[in-house]
Undergrad: 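Take a look at this one; I'll ask things after.
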Amino acid sequence: MAITFDDSLITGNDMIDTQHRELIERIASFVACCERGDSKVQAIKMLDYMDEYTNFHFSAEEKLQEEAQYPGISEHRQKHEEFRNNIAELYDYLDEAEGPTDEFTEIVRKKVVDWLMYHIKTFDRSVAEYINMRDNADRL
């Protein structure tokens with residue numbers, strides 16, 4: 001499963017887009033690890049690597065929303081919490097399994113890759129558009 005940052009994921013906010021590129025690179029590394037059937041230890045290390053940046057990104061994004069007084073911040077935070085719960089499920093799965101399986105990789109596709117792509121194209125784009133409109137109100 002290929003996961004790359006492409007034009008469909010551009011929000012128009014430099015900070016968000018830069019962080020999304022990094023997050024997607026980390027997710028792609030995690031997915032590759034799973035598809036190769038790497039060891040359980042390696043899969044957990046790659047999940048840690050992805051999870052660490054996810055938490056950094058969500059914190060930065062939520063701070064940006066607070067500063068912009070984004071009206072949808074509460075719902076956006078709930079979505080971030082949903083993703084954190086998805087990651088917790090992946091840790092639980094790996095804790096019980098010998099390592100990443102085809103079933104696990106499919107769960108990663110649905111709960112990480114598909115979730116993130118949808119989130120960026122809807123929720124994150126909405127934040128970026130709000131900030132852009134607020135910052136350029138004089139041009140409207």
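Just so it is clear, the values below take in all heavy atoms, side chains as well, and ignore hydrogens, waters and symmetry mates. For reference, positions follow the sequence shown, starting with 1.
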Undergrad: Do the side chain of Asn132 and the main chain of Ala128 share a donor and acceptor less than 3.5 angstrom apart?
TA: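 Between the backbone of Ala128 and the side chain of Asn132 there is no qualifying donor-acceptor contact (under 3.5 Å).
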Undergrad: Working to the nearest 0.5 angstrom, can you tell me the gap between Leu116 CG and Ile27 CD1?
TA: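 One gets 4.5 Å once the value is rounded to the nearest 0.5 Å.
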Undergrad: I'd like to check the salt bridge (charged side-chain N to carboxylate O under 4.0 Å, His left out) partners of Glu82; sequence neighbours left out, ordered by chain and number.
TA: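 Salt bridge (charged side-chain N to carboxylate O under 4.0 Å, His left out) list for Glu82, sorted by chain: Lys79.
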Undergrad: Distance from Leu23 atom CG to Leu9 atom CG, nearest 0.5 Å?
TA: 10.5 Å
Undergrad: Report the distance from atom NZ of Lys110 to atom CG of Asn86, rounding to the nearest 0.5 Å.
TA: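 One finds 12.0 Å between NZ of Lys110 and CG of Asn86.
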Undergrad: Considering residues at least two apart in sequence or located in another chain, which fulfil the salt bridge (charged side-chain N to carboxylate O under 4.0 Å, His left out) criterion with Glu103?
TA: none
Undergrad: Quick one: do Val127 and Asn13 satisfy side-chain contact (heavy atoms from CB on, under 4.5 Å)? Show the steps, please.
TA: CA-CA 9 Å; Val127 171; Asn13 181 285; over 6 Å; no
Undergrad: Suppose we screen for ring pair (Phe, Tyr, Trp, His ring centres under 6.0 Å). Which residues come up paired with Tyr49, at least two apart in sequence or across chains?
TA: none
Undergrad: Return the orientation label for the Trp115 and Phe83 ring planes: parallel under 30°, perpendicular over 60°, tilted otherwise.
TA: tilted
Undergrad: When you measure from the side chain of Lys40 to the backbone N and O of Asp95, does any donor-acceptor pair fall under 3.5 Å?
TA: yes
Undergrad: Can you list the residues that meet the side chain to side chain contact (heavy atoms under 4.5 Å, CB included) rule with Arg84, with sequence neighbours excluded?
TA: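 Counting only residues at least two positions away or on another chain, Arg84 forms a side chain to side chain contact (heavy atoms under 4.5 Å, CB included) with Asn55, Phe58, Glu62, His80, Glu81.
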Undergrad: Applying salt bridge (charged side-chain N to carboxylate O under 4.0 Å, His left out), can you list everything that pairs with Asp114, at least two apart in sequence or on another chain?
TA: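 With neighbours one apart ignored, the set is Arg109.
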Undergrad: Which residue in the set Glu52, Glu22, Arg26, His20 passes side chain to side chain donor-acceptor pair (under 3.5 Å) when paired with His57?
TA: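 Single side chain to side chain donor-acceptor pair (under 3.5 Å) partner of His57 among Glu52, Glu22, Arg26, His20: His20.
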Undergrad: Distance from Met46 atom CE to Met50 atom CE, nearest 0.5 Å?
TA: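 Reported value, rounded in 0.5 Å steps: 9.5 Å.
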Undergrad: Would you call Ile120 and Ile24 a side-chain contact if the rule is heavy atoms closer than 4.5 Å?
TA: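 Yes, close enough: below the 4.5 Å cut-off.
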Undergrad: Aromatic rings Tyr93 and Phe104: how do their planes relate, parallel, tilted or perpendicular, breaks at 30° and 60°?
TA: tilted
Undergrad: Between atom CG of Leu47 and atom SG of Cys34, what is the distance when rounded to the nearest 0.5 Å?
TA: 8.0 Å
Undergrad: How many angstroms lie between atom CZ of Phe56 and atom OG of Ser59, to the nearest 0.5 angstrom?
TA: 8.5 Å
Undergrad: Run through the side-chain heavy atoms of Ile, Leu, Val, Met, Phe, Trp and Tyr, join any pair under 4.5 Å, and report what else lands in Phe123's cluster.
TA: Tyr118
Undergrad: So, the side chain of Asp17 versus the backbone of Ile10: is there a donor-acceptor pair under 3.5 Å, distance only?
TA: no
Undergrad: Is it the case that more than 12 heavy atoms not belonging to Asp102 sit under 6.0 Å from its CG atom?
TA: no
Undergrad: Asp6 vs Thr4, test: side-chain hydrogen bond (donor to acceptor under 3.5 Å, both in side chains). Steps then yes/no.
TA: CA-CA 6 Å; Asp6 62 32; Thr4 58; 4.8 Å; no
